[in-house]
Number of protein chains: 2
Amino acid sequence: MATIYDVAKIAGVSPKTVSRVLNGDAPVGEKTREAVEKAILELGYVPSNAARMMRSSRSGLIGLITGAISTTSDGNDPKGLPDLLIVQGIQSVMSATGMTLMIADTGGSSARVPELIRTFVEHRAEGIIYVADYHQHVELPPAPKGTPLVLVNCYDDRGTPSVLPDDERGQHDLVARLIEAGHRRIGYLTLPKGMDATRLRLEGYKRALAEAGIEFDPELISTGFMHDKHRNSAVLWDAIDRVLSLPNPPTVLCCGNDEMAMRAYGILRTRGIRMPEDISVAGYDNYRVIAETLFPPLTTAELPYAAMGARAADWLLSLINDETHQQTNPTLVSGPVNWRSSVTANASADGKTIRFPLSNGRNPQ
Amino acid sequence: MATIYDVAKIAGVSPKTVSRVLNGDAPVGEKTREAVEKAILELGYVPSNAARMMRSSRSGLIGLITGAISTTSDGNDPKGLPDLLIVQGIQSVMSATGMTLMIADTGGSSARVPELIRTFVEHRAEGIIYVADYHQHVELPPAPKGTPLVLVNCYDDRGTPSVLPDDERGQHDLVARLIEAGHRRIGYLTLPKGMDATRLRLEGYKRALAEAGIEFDPELISTGFMHDKHRNSAVLWDAIDRVLSLPNPPTVLCCGNDEMAMRAYGILRTRGIRMPEDISVAGYDNYRVIAETLFPPLTTAELPYAAMGARAADWLLSLINDETHQQTNPTLVSGPVNWRSSVTANASADGKTIRFPLSNGRNPQ
DNA sequence: CGGTGTCATGACATCGGTGTCACGATTCCA
DNA sequence: TGGAATCGTGACACCGATGTCATGACACCG
């Protein structure tokens, strides 16, 4: 591969002058510049980043660690693919600043993280971003001092900069919209207990009720999702059965995520219940392949993954450039409610109670 | 950041000896080794890849160009996220060989590709992989000579190494299984005309029929997908309506992909048609979030994305190491049929024709 | 006991750029 | 018109590793 010396020789100038043409850091004569540019084209010369980096000690690299790519393979993960939107958000900010993103995947095992961090440090990455596949607490190996680190979709106990979705507000806003649309009895099929998202969203749900002066009824809450994939179907069936059997059943079912809402569609339909005429359904995530493709399209709170990624990237860049860009930690990012036709615009405003036909078979499969 | 000289000074040896400890390329005395290792730990020394690379001219980097991450944002893409499984397949092979993957995203515009290739060349990537978001023809800028290139999910006219899904065989195998299960009238709602996948799969469909001695009936074929997202719903509704209105309607509907199948579920249900009792449905892709979550779970041909990625990575590595690893070009990768309960195991073996109840409203929304 | 080979180690050059400094040639302004 | 500032350029050292070669200390063999 051609070097700057080859170019210099052909153009009849010194290597340093070629460097100046490349970087424009000092004036160069018109004719000299042309000769150099011609030589560069002729040789197909591309400067070596490694050599440049040694001298200037700026690598232009950002390391990104994620399990997002690989966690999809065995599907034991409650969210699945959409967290890749975080990567997209990061990417768009980074490429605008000319930084290059090195993406490393944990392959599903967090044990590989130290090794990946080491690789990044070997490449002298100027900053590292760690993306978790769902909102959670993490404990990363001691930060490589000197290299700023930002966590996305997760947080630790050391006060590492962290960007999180505002689950409380997201659920609150969604429920508030449902109340606005006339719903008073709002069923909530939650994600597994113990997840941060579950707790926060339930708080948001309660706050929205409280603000509207509606009393919280624990009967309307049920866990609709298990980590054990194969039991999900039965768990959700049972959860739906329970809330619909209430003497005063809900007029809308909030599901913990869009995937669960998709399952709920199937279950409700096999029971002959129409949406949204008999009951409204709402999701969470705005997982577009699902939310927009389901019939009827799904009303859902958006998990602002792309925005979270962009925020994290901005934050990291300001840390690298040592700007005292004040950020609260963690930084909460909220998203809009996407209103679609799975929720009636004006539900049982008259307060009449709908009785659901219940089928006999417990498990439709 | 500490250098090899700092380590050498502390350990009381020459830098070269430290290098030997790091690389184990020459014998080092026991006590010397210990002293060096202690110094390395003490300083938290990590060797600089850039410096190492300059001497050895082996970067250990592989460049990966994809639109997979960003094309999801505006959703104008027929496949969506699953092509990320290709990245996962590549990743798993690469990390096993100690290569580091640099992933760059086109941000949806192929105009950025030359720029990204340049970045990889600057980093002296030892090979480049280009991943397309769906099976298609591409025309990349002239290959950076000296750097091997492998295309995945796409091909060009220059005979660049290319790994493609075997769409013909996938659809053939699926249809053959349907025939085996007793189906004779097989409706096929295709992806948009003009796509390679559409043409190849139709060939596979015909071949399976021919092998079973079933006559091809063009009435059973209809385009069910538009690139224009907002018209998809109507197009599919109409396509389904057409085939179901045939005097001798199909007993199973093959959909061009799983997303279309998901739409079909909604449409069929609003018309009061049960699956799989009244009609069976099959998809393509094995997009697991959809195929496994739908009720009933969807029978679908697998698009072997992860395997394609792995094959491409293997091929690239053999090109880099200059092995004369003979490969046919393009390399076709096929995947299994995933049999789930959306298809009846033994359909209308008696040959009786089912009449479908047709609703009046054209568009359910 | 001298010659040869192996072991353990260091001195030094080198990879391909860029930072620093120096220097001649212009241009500018008092 | 002379001194200062600016322009255009090159010589040289340096970034942090590793390849090459040299060297001294032993061990081994005939």
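Within every chain, numbering begins at 1; the chains are lettered A, B, ... in the order of the sequence lines, protein sequences first and strands thereafter. Predicted, not measured: the structure shown is a model, and the values here were computed from it.
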- Message: Return the CD1 to OG1 distance between A:Ile65 and A:Thr106, rounded to the nearest 0.5 Å.
- Response: 8.5 Å
- Donor-acceptor under 3.5 Å (A:Ser59 side chain, A:Arg124 main chain): yes
- Query: Contact class for A:Asn49 (heavy atom, under 4.0 Å): base, sugar-phosphate, or nothing?
  - Reply: nothing
- Distance-only, no hydrogens or angles: does the B:Glu42 side chain make a donor-acceptor pair with backbone N or O of B:Ile40 under 3.5 Å? no
- Just call it for B:Ser48: base, sugar-phosphate, or nothing, with non-hydrogen atoms closer than 4.0 Å on any strand. sugar-phosphate
- Side chain of A:Met54: nearest nucleotide among D:dC15, C:dG17, D:dT9? D:dC15
- Item | Sidechain-backbone polar pair: A:Asp6 side chain, A:Ala2 backbone, donor-acceptor under 3.5 Å | no
- Task: Return the nearest nucleotide to the side chain of A:Tyr45; candidates are D:dG8, C:dA8, C:dG17.
- Result: C:dG17
- Task: Give the C-alpha distance, both sets of side-chain angles, the deciding distance and a yes or no for salt bridge (charged side-chain N to carboxylate O under 4.0 Å, His left out) between B:Arg112 and B:Glu115.
- Result: CA-CA 5 Å; B:Arg112 287 201 55 210; B:Glu115 173 194 338; 3.4 Å; yes
- Take atom CG of A:Asp6 and atom C1' of C:dG16, then tell me their distance rounded to the nearest Å. 10 Å
- Between A:Asn23 (side chain) and A:Asp25 (backbone), is there a donor-acceptor pair under 3.5 Å? no
- Rounded to the nearest angstrom, tell me the gap between atom CG in B:Leu22 and atom P in D:dG19. 12 Å
- Item | Of all pairs that satisfy side chain to side chain donor-acceptor pair (under 3.5 Å), the ones with a partner from residues 137-149 of chain B, not counting sequence neighbours | B:His137-B:Asp157
Between N or O atoms, less than 3.5 Å apart, protein on one side and nucleotides 10-13 of chain C on the other: list the pairs.
from	atom 1	to	atom 2	distance (Å)
C:dG10	OP2	B:Ser14	N	2.9
C:dG10	OP2	B:Ser14	OG	3.1
C:dG10	OP2	B:Thr17	OG1	2.5
C:dG10	N7	B:Arg20	NH2	2.6

- salt bridge (charged side-chain N to carboxylate O under 4.0 Å, His left out) between B:Arg118 and B:Glu122: does it pass, once the steps are laid out? CA-CA 6 Å; B:Arg118 187 191 159 85; B:Glu122 283 186 358; 3.3 Å; yes
- Query: Out of D:dG8, C:dG19, C:dT18, which nucleotide sits closest to the side chain of A:Asp25?
  - Reply: C:dG19
- Under-4.0 Å side-chain N/O to phosphate OP1/OP2 contact, B:Ser56 with D:dT18: no
- Task: Return the 5'-most residue of the pair A:Ala51, B:Val28 with respect to DNA chain C, ranking by each residue's nearest nucleotide.
- Result: B:Val28
- Can you name the one residue among A:Leu61, A:Ile320, A:Leu316 that meets side chain to side chain contact (heavy atoms under 4.5 Å, CB included) with A:Glu126? A:Ile320
- Task: Using whole Å, report how far CE of B:Met53 lies from P of D:dG19.
- Result: 15 Å
- Item | Interatomic distance where CD belongs to A:Glu34 and C1' belongs to D:dG8 [whole Å] | 15 Å
- Message: Only Watson-Crick and G-U wobble pairs with both distances less than 3.5 Å should count. Give DNA chain D in dot-bracket notation, marking inter-strand partners with |.
- Response: ||||||||||||||||||||||||||||||
- Note on the structure: Separation of C:dT18 atom P from B:Glu122 atom CD, nearest Å, is 10 Å
- Note on the structure: Separation of C:dC7 atom P from B:Arg33 atom CZ, nearest Å, is 14 Å
- Query: Between the main-chain N or O of A:Val93 and the side-chain N or O of A:Thr97, is there a donor-acceptor pair closer than 3.5 Å?
  - Reply: yes
- Query: Atom CE of B:Met1 and atom P of D:dG16: how far apart are they, to the nearest Å?
  - Reply: 11 Å
- Please determine, for the side chain of B:Pro27, which listed nucleotide (D:dA17, C:dG16, C:dC7) has the closest atom? C:dC7
- Message: In this structure, how many angstroms lie between the C1' atom of D:dG16 and the CD1 atom of B:Ile40, rounded?
- Response: 14 Å
